[in-house]
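Ligands are counted one by one from 1 in listed order, and the atoms in each one are counted from 1 as well. Heads up: numbering here begins at 1 and tracks the sequence. All values below were derived from every heavy atom in this structure, side-chain atoms included, with hydrogens, water molecules and symmetry-related copies excluded.
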Amino acid sequence: MANYSNIVLFGFMGTGKTRIGKEAAARLGLVFVDMDDVIVERAGKPIPEIFADDGEAHFRSIERQAVIDLSAQPGRVIATGGGVVLNSDNIRDFSQDGLVVCLSATPEVILARVEHDTNRPLLNADDKMEKICSLLDSRQVLYDAIPNQIDTSELTATEVVDRIVSLYQQ
Ligand code: S3P
C-alpha cells in the first residue's frame, strides 16, 4: 500500500470536492479541511469580500500560503479551491506526498450545482453557463494534468468515495 500523507481533491467549482472530501475523510478516519474555509479564516472575511476589497491576486497569495502549510500536515483530506491549479507550485507541493485526485463534471451539472450560489465571485455573471464554459476551457489543460481523474457527473457520492478509497489503499 502506498503511503500517502494526504488526499488532495482538485477540480473546477461545483465538481463536489467538499461533499466528497468530507465523506472520504469520515470513511478513512482522516481530518477534512476545506481550503476556502482556511482562506476565509486567515483573511477574516468571506471570499466575495476578499475579491472585491483586495483583488484576486491577494486571494491567490493567501491560497498559496495555505497550500504550503497544509502540504506539510499529514492525515488530511483537503478540498482545494478550483483555482489552485493556476499555480504549478501548488500542484507540485501537494503531489510530493499526497494522493492527488481531480474531480470533474459536465458544464450542465456544474451549473445546476452552483446556479443559486453567491459565494463564488468568478461566476458572478448574467450568463453563468458562458462563464463556466470559458473558465473551464482556459483551465482544462491544468485539470487534465492531475494523474487521477474522476468524472462525478453520473456517479453517486458513495461511488466517487469508493474510487478514492481504492486509489488510497492501492
Ligand atoms: C475559485 C474557486 C472557489 C474559491 C474561489 C476561486 C476558482 O473554490 O476558491 O471562489 O478560481 O475556481 P471552490 O472550487 O471550492 O468553489
Checking a contact table here: which protein heavy atom is nearest atom 13 (P) of ligand 1, and how many Å away? D36 OD2, 3.5 Å

Keeping the roles fixed (side chain from R139, backbone from G82), state whether a donor-acceptor pair exists under 3.5 Å. yes

Just so I know, are the side chains of N6 and S71 near enough to count as touching, which here means a heavy-atom distance under 4.5 Å? no

Residues R120 and D36 bridged, charged N to O under 4.0 Å: no

For ligand 1, find out whether one of its N or O atoms is nearer than 3.5 Å to an N or O atom of G81. no

Test of understanding: given a 4.0 Å heavy-atom threshold, classify the contact between L122 and ligand 1 as side chain, backbone, both, or neither. side chain

Could you report the tightest heavy-atom contact between F51 and L122, atom names first, then the distance? CE2-CD2, 3.8 Å

Among R139, R60, R120, R113, the residue with a heavy atom nearest to atom 6 (C) of ligand 1 is R60

Numbered atoms of ligand 1 (with element) below 4.0 Å of I47, judged on heavy atoms: 10 (O)

Per-residue contact class, K17 against ligand 1 - non-hydrogen pairs under 4.0 Å: side chain

Can you tell me the protein heavy atom closest to atom 5 (C) of ligand 1 and the distance? F59 CZ, 3.8 Å

One pair to check against salt bridge (charged side-chain N to carboxylate O under 4.0 Å, His left out): R64 and D93. What are the steps and the verdict? CA-CA 10 Å; R64 172 73 193 127; D93 290 350; 2.8 Å; yes

Listing request: all side chain to side chain donor-acceptor pair (under 3.5 Å) pairs with a residue in residues 8-24, at least two apart in sequence or in separate chains. T18-D34

Nearest-neighbour protein heavy atom for atom 7 (C) of ligand 1, which is reported as residue plus atom name and distance: G83 N, 3.3 Å

